[in-house]
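The block underneath contains the structure these notes are about, expressed in structure tokens.
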Number of protein chains: 2
Amino acid sequence: MLKRKDSPTLEDVARAARVSTATISRSINEPDKVASETRDRIAAIIEELGYTPNFGGRVLASNRSNTVGAVIPTMANAMFASGLQVFQEVLSGASITLLVASSSYNAQTELEQIKSLVAHGADGLLLIGSARPVETTRFLEIRKIPYVIAWCYQHNDARFFAGFDNAKAADEITTEVLNKGHRQIAMIAGHSKQNDRSKNRISGVCTGIKNYGQGAELLSVIETEYSLETGGDAFEELMNKQTKPTAIICGNDVLAAGVIIRAKQLGIDIPGQVSVTGFDDIALASAVSPALTTVRVPQLEMGKAAAELLLKLLAKEKPHSTELQTLIIHRDSLAPP
Amino acid sequence: MLKRKDSPTLEDVARAARVSTATISRSINEPDKVASETRDRIAAIIEELGYTPNFGGRVLASNRSNTVGAVIPTMANAMFASGLQVFQEVLSGASITLLVASSSYNAQTELEQIKSLVAHGADGLLLIGSARPVETTRFLEIRKIPYVIAWCYQHNDARFFAGFDNAKAADEITTEVLNKGHRQIAMIAGHSKQNDRSKNRISGVCTGIKNYGQGAELLSVIETEYSLETGGDAFEELMNKQTKPTAIICGNDVLAAGVIIRAKQLGIDIPGQVSVTGFDDIALASAVSPALTTVRVPQLEMGKAAAELLLKLLAKEKPHSTELQTLIIHRDSLAPP
DNA sequence: CTGAAAGCGCTTACAG
DNA sequence: CTGAAAGCGCTTACAG
């Protein structure tokens, strides 16, 4: 059990300044309503005492918190970071504080973090992806918590999205690979269980291949954790099979970079012997050699759009979801078979 | 001005369950003290109403928050992420919630985030680096906020560190470079103004070169932002000088990766024409080609040590700072001139 | 095992 | 421009 340190309270400040707590409160929140001399005296004392308003008391009394929360799957890679940065910047412009928590790609943890954030006074939430247990959805609904979903977009859905169509994007890169002449395809994807982005990317690849016809075949899909190591392992597994793919479509850049690195170690030439594509276009994608042909995800735009959506939601307006576009970035890891 | 949604309160639950608020409160916080039937009934109603305790009320009444905050310079690269992840895991084990905010490497923003976190009830803080304005230090002191500093270590300092000696680490990699036979050295570093880690890495390189003697020279130090692009730019700048370095020591891996990528574009062979070293050993370091010889920073250990330190601090124990060691990782970007 | 009631630190009509 | 006082949603001795 942790004890809070004995922080100075409004009353301490009031006593030192020889005014009422009401005046201190005003001097902080509505300075114009306080005589400038009083205000200066108060400011000095606040500084001296290191006073910060107790957030709990403030929220309780004002019924207003000016903070929103974000729950992202992981902080452990750059994937969500830059979007979040923009999200935060836009919110700062509206004097809103952002609190961040991470779920480790786990639905139960996500719910806990959501509850914690809400308990901490979050007026609204940014969530990643659309698939979550009813338990979570119910909580969000019952509590009427405004939230926006980023990193995916769903038509005919009443929720608010700032994202893109993962399936469509995956379909497009698949078609690109097919157009280069590849027919024997494999995919290395993230676990799709509680991750709709991964699931949709997989289904996008399936669709792309099915619709293409002309003997195009999806040899296998390996689902794994997002890391260089596991990406490399999956690659080895694919290359040890009877029928080897001529192109491997990866569910994200980390996986694809893992393939590239492992291929170099194994002496397999990319794209000479096998082509590889990524997804997301993080820094790693252009750093690796050969540089990854990948799908650029509109991170910054999503962050911005999400913030604007949430701001409107908080202002009780009814905004429209915004669908962003992805873009195929042509680099060196994809070539004809 | 945001209005909080009309959340159910303890009283709503109490009314529905036909017991007092005290009983509800106990049933949540000290279930053992409540009859199991009562408890079950209450649990059902809480679930149905989507009730979450109002954090403000709780903190106010109990004088206890069970949350700590972390302010990191940036979420935009993997640098701090994995350490933070471990930090969070250890804290979770002690039922403590972690709130994260970022400062964008700006001291003023850092202070604001610190205040915000404290106002939100943070009982303790994780901060990165030791250099901060007196204003910030004063606030921390006056409010007697327990905090631990990660990513650096200072002897003879009363504060609590979970980190390593940046200067020493930089000195070591410098000596390594020198031992390979290089004499004309240049450094590309992060801005050192409000960043003691960068400053110490620079001074470590200076020390290393000075102590080595034997004609070793530090041609120039370019300070820049941490990005692939700026790293590449700095590299070009160095290669356009009259006297070119034979080895470039970089203040972090992103900068070094930027050098590698740009060198490839310029047709400059690394390490054939110039050697390059990194710092941090993030994923990028081994993904790039040639892979970076770099300094591995004990991220996970720092996260763990920092959490343990903070936990002790919160328990009013007086712990000892823990100094972690760095390790030079030999890969392919450093060779004799 | 349960309840009545005080009090945590704020804000905000309402007066003046 | 300033103050007295009620009330926000909780927890916690204190009784029973």
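Residue numbering restarts at 1 for every chain, and letters A, B, ... go by the order of the sequence lines. Any value given below was found using the heavy atoms of this structure, including those in side chains, with hydrogens, waters and symmetry copies removed.
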*Hey, are B/S103 and B/Q113 close enough side-chain-wise for a donor-acceptor pair under 3.5 Å?*
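On atom types as modelled, these side chains do not qualify, holding no pair under 3.5 Å.
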Nearest-angstrom distance from the residue atom [atom1] of [X] to [atom2] of [N]:
| X | N | atom1 | atom2 | result |
| --- | --- | --- | --- | --- |
| A/N66 | C/dT11 | CG | C1' | 14 Å |
| A/Y51 | C/dG9 | OH | C1' | 7 Å |
| A/R15 | D/dG3 | CZ | C1' | 16 Å |
| A/R58 | C/dC8 | CZ | C1' | 16 Å |
| A/E37 | D/dT2 | CD | P | 9 Å |
| A/L60 | D/dC8 | CG | C1' | 4 Å |
| A/E11 | C/dT11 | CD | C1' | 14 Å |
| A/L10 | D/dA4 | CG | P | 14 Å |

Tell me every residue that passes side-chain hydrogen bond (donor to acceptor under 3.5 Å, both in side chains) with [X], counting only those two or more places apart in sequence or in another chain.
| X | answer |
| --- | --- |
| B/S104 | A/Q85 |
| A/Q88 | B/S102 |
| B/R132 | B/E110 |

*asked:* Heavy atoms within less than 4.0 Å of DNA chain C: which residues of residues 38-50 of chain A have one? Give them sorted by number.
replied: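 Under 4.0 Å from DNA chain C: no residue of residues 38-50 of chain A.
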*A/D12 and A/R15 ion-paired at < 4.0 Å*: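 So A/D12 pairs with A/R15 through a salt bridge.
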What donor-acceptor contacts under 3.5 angstrom involve side-chain atoms of residues 299-308 of chain A, with partners at least two apart or in another chain?
residue, atom, partner, partner atom, Å
A/Q299, OE1, A/S82, OG, 3.2
A/Q299, OE1, A/G83, N, 3.2
A/Q299, NE2, A/M79, O, 3.2
A/K304, NZ, A/E308, OE2, 3.4

Select one nucleotide: of [options], the one nearest the side-chain heavy atoms of [X].
| X | options | value |
| --- | --- | --- |
| B/A35 | C/dT2, D/dA4, D/dG9 | C/dT2 |
| A/V34 | D/dT2, C/dG3, C/dC10 | D/dT2 |
| A/A61 | C/dG3, D/dC8, D/dG3 | D/dC8 |

Counterpart residues, side-chain contact (heavy atoms from CB on, under 4.5 Å), relative to [X] (two or more places apart):
| X | answer |
| --- | --- |
| A/S20 | A/A22, A/T23 |
| B/Q108 | B/N106, B/L111, B/E112, B/E135 |
| B/T21 | B/L10, B/E11, B/A14 |

Using distance only, find each side-chain donor-acceptor pair of residues 36-46 of chain A under 3.5 Å and give its atom names and separation, not counting sequence neighbours.
residue, atom, partner, partner atom, Å
A/R39, NE, A/P31, O, 3.2
A/R39, NH2, A/V34, O, 3.3
A/R41, NH1, A/A17, O, 2.4

*Can you measure from CG (B/L127) to CG (B/L117) and round to the nearest 0.5 angstrom?*
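Taking CG in B/L127 and CG in B/L117, the distance rounds to 9.5 Å.
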*By nearest nucleotide on DNA chain C, pick out whichever of A/T21 and B/S20 is the more 5' one.*
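In this pair, the answer is B/S20.
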*Quick one: stems for DNA chain C, with Watson-Crick or G-U pairs under 3.5 Å, at least three in a row?*
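So the stems come out as C:1-3 with D:14-16, C:5-12 with D:5-12, C:14-16 with D:1-3.
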*Applying ring-ring contact (aromatic ring centres under 6.0 Å, His included), which residue pairs with at least one partner in residues 56-77 of chain B are found, sequence neighbours left out?*
none
*Can you tell me, in whole Å, how much space there is between the P of C/dT2 and that of C/dA6?*
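Comparing P positions in C/dT2 and C/dA6 gives a spacing of 23 Å.
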*Give A/D32 one of three labels, base, sugar-phosphate or nothing, depending on what nucleic acid heavy atoms sit under 4.0 Å from its own.*
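Answer is sugar-phosphate: A/D32 comes under 4.0 Å of backbone atoms only.
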*For DNA chain D, the residues among residues 22-30 of chain B that have a non-hydrogen atom under 4.0 Å from it*: B/A22, B/S25, B/R26, B/N29
